[in-house]
Colleague: 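Quick one: the structure is below, and I'll ask about it shortly.
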Amino acid sequence: MKRRLGRDFFVPAAGEKTEEIAKRLLGKYIVRRIGDRKIWGKIVETEVYGGPRDKACHAYGGKVTPRNKLMYAAGGRAYVYLIYGMHWQLNFITQKSGVPECVLVRALEVEGDDPRAASGPGKLCRFLEVDKSFHGEDVVTSKDFWLENRGVEVARREIVSGPRVNIDYAGPHWAKRNWRFYLKNNSAVSRK
DNA sequence: CTCGCGATATTCT
DNA sequence: GAATATCGCGAGA
């Protein structure tokens, strides 16, 4: 069974929180088409960046800059940017237009010689050959980049939550929020 | 295991 | 113009 994820996955009508979307993304597949070639990987680690109140979020304080304005777009778009001058990060925008929330994809489990070839936000982008040209790509309609549900069921108890990476500066209230989710006992998770 | 550094877009002053 | 950033790697201990 293969089913492409549609708009409602990223913009839940029921008002589901972005945390729930981040958990639902675990076990789904990211598929990238390059000419006749296809690359894919299973999502095993995600992290939530939650709006203007979240100090770790680019849209903290409701700030709008040329880079982050895409976070205010409707869910289903890719938010790609460069960090530390050399690593691309891949996020998916969630929620309806005007709500600057997104999910960072931190790690994929891939099939091949090296199961850790996409274990980390930067490595993942290199693996998928995602760069700035995919900033703003709509994964609901794109022919080169999308997400699939391949029928992998992730049990609630297989999902581990914990504090996000690099958020000490955000203060105790945000630092203790368990906004990072990953699959238990999965070797492709970036850090444990 | 911990540490330090890379190389640049974006933001801040 | 200067500081900084959602990281990964290779070196040294």
Side-chain angles (χ1 to χ4, degrees), chain A residues 10 17-26 28 30 39 41 43-73 75-95 99-110 112-137 139 145 147 159-183 186-192:
Chain A
F10 303 96
K17 289 184 183 164
T18 298
E19 295 93 289
E20 295 302 320
I21 301 173
K23 286 186 218 174
R24 273 194 320 206
L25 274 171
L26 296 173
K28 302 298 184 290
I30 296 181
I39 316 178
I43 299 175
V44 297
E45 186 179 0
T46 60
E47 220 169 84
V48 173
Y49 282 84
R53 298 190 320 282
D54 179 7
K55 273 193 191 170
C57 178
H58 287 160
Y60 175 60
K63 189 169 56 172
V64 181
T65 65
R67 177 177 65 168
N68 78 8
K69 67 179 181 196
L70 191 66
M71 289 227 306
Y72 295 84
R77 313 274 298 275
Y79 178 59
V80 180
Y81 71 96
L82 188 66
I83 190 63
Y84 299 124
M86 62 187 78
H87 301 297
W88 294 101
Q89 309 284 307
L90 172 62
N91 304 254
F92 294 117
I93 309 294
T94 63
Q95 304 299 351
V99 181
E101 298 188 2
C102 67
V103 176
L104 167 68
V105 183
R106 291 188 54 86
L108 301 179
E109 178 183 273
V110 301
D113 300 335
D114 181 10
R116 294 183 65 80
S119 63
K123 294 171 77 175
L124 177 161
C125 287
R126 214 172 44 193
F127 178 81
L128 289 176
E129 297 184 34
V130 165
D131 62 17
K132 189 162 190 167
S133 64
F134 280 85
H135 185 57
E137 188 83 359
V139 300
F145 192 45
L147 284 87
I159 299 177
V160 183
S161 62
R164 287 176 292 177
V165 176
N166 291 330
I167 45 132
D168 300 340
Y169 62 90
H173 177 66
W174 295 102
K176 76 179 181 191
R177 297 207 80 132
N178 292 334
W179 274 1
R180 172 169 175 248
F181 305 101
Y182 56 93
L183 294 181
N186 190 293
S187 62
V189 170
S190 64
R191 286 163 61 174
K192 300 216 172 176

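Here is the naming used below: chain letters follow the sequence lines, and residue numbers restart at 1 for every chain.
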Colleague: Between K69(A) and dT10(B), is there a contact of a side-chain N or O with OP1 or OP2 at under 4.0 Å?
Modeller: no
Colleague: Between dA9(B), dT6(C), dG8(C), which nucleotide gets closest to the side-chain atoms of P121(A)?
Modeller: dG8(C)
Colleague: Would you mind reading off the distance between D114(A) atom CG and dC9(C) atom C1', rounded to a whole angstrom?
Modeller: 14 Å
Colleague: Which of these nucleotides, dG8(C), dA5(C), dT11(B), is closest to any side-chain atom of H87(A)?
Modeller: dG8(C)
Colleague: If you only use heavy atoms from C-beta on, which nucleotide in dG6(B), dT10(B), dG8(C) is closest to the side chain of M86(A)?
Modeller: dG6(B)
Colleague: Rounded to whole angstrom units, what separation is found between the NZ atom of K55(A) and the P atom of dT6(C)?
Modeller: 15 Å
Colleague: Tell me, do P163(A) and N178(A) make a side-chain contact under 4.5 Å, heavy atoms counted?
Modeller: yes
Colleague: From C-beta outward on R126(A), which listed nucleotide comes closest to its side chain: dC9(C), dC7(C), dA9(B)?
Modeller: dC9(C)
Colleague: Is the ring of Y84(A) stacked on the base of dT8(B), with centres less than 5.5 Å apart and planes under 30° off?
Modeller: no
Colleague: Taking only the side-chain nitrogens and oxygens of K63(A), find out if one of them lies under 4.0 Å from OP1 or OP2 of dT11(B).
Modeller: no
Colleague: Send over the distance from K123(A) NZ to dC7(C) C1', rounded to a whole Å.
Modeller: 11 Å
Colleague: Between dT6(C), dT11(B), dT10(B), which nucleotide has the shortest distance from any of its atoms to the side chain of Y79(A)?
Modeller: dT6(C)
Colleague: Nearest whole angstrom, please: distance from the P of dG8(C) to the CG of L90(A).
Modeller: 13 Å
Colleague: Considering only dC12(B), dT6(C), dA9(B), which nucleotide approaches the side chain of Y81(A) most closely?
Modeller: dT6(C)
Colleague: Counting Watson-Crick and G-U wobble pairs whose two distances are both under 3.5 Å, find the runs of 3 or more in a row that involve DNA chain B.
Modeller: B:1-6 with C:7-12, B:8-12 with C:1-5
Colleague: Starting at CH2 of W88(A) and ending at P of dT8(B), how long is that distance when rounded to a whole Å?
Modeller: 11 Å
Colleague: Relative to Y182(A), does R106(A) satisfy both conditions: NZ or CZ under 6.0 angstrom from the six-membered ring centre, and within 45 degrees of the ring's axis?
Modeller: no
Colleague: Between Y49(A) and P100(A), is there a donor-acceptor pair closer than 3.5 Å when you use the side chain of the first and the backbone of the second?
Modeller: no
Colleague: For Q89(A) and dA9(B), what is the distance between atoms CD and P respectively, to the nearest whole Å?
Modeller: 16 Å
Colleague: Please tabulate, one pair per line, all N/O donor-acceptor pairs under 3.5 Å involving side-chain atoms of residues 86-94 of chain A, not counting sequence neighbours.
Modeller:
from: N91(A); atom 1: ND2; to: Y79(A); atom 2: O; distance (Å): 3.1
from: T94(A); atom 1: OG1; to: T18(A); atom 2: OG1; distance (Å): 3.1
from: T94(A); atom 1: OG1; to: E101(A); atom 2: O; distance (Å): 3.3

Colleague: Toward the 5' end of DNA chain B, which comes first, K132(A) or I83(A), by nearest nucleotide?
Modeller: I83(A)
Colleague: Using the side-chain heavy atoms of L82(A), tell me which of these nucleotides is nearest: dC7(C), dA9(B), dT11(B).
Modeller: dA9(B)
Colleague: Look up atom CD1 in I43(A) and atom CG in L183(A), then write down how far apart they are to the nearest 0.5 Å.
Modeller: 10.0 Å
Colleague: Could you state the atom-to-atom distance from OH of Y60(A) to C1' of dC12(B) in whole Å?
Modeller: 16 Å
Colleague: Can you tell which of L70(A), N68(A), V64(A) makes a side chain to side chain contact (heavy atoms under 4.5 Å, CB included) with H58(A)?
Modeller: N68(A)
Colleague: Are the charged groups of E20(A) and K23(A) less than 4.0 angstrom apart, N to O?
Modeller: yes
Colleague: Is a salt bridge present between E47(A) and R164(A), judged by a nitrogen-to-oxygen distance below 4.0 Å?
Modeller: no
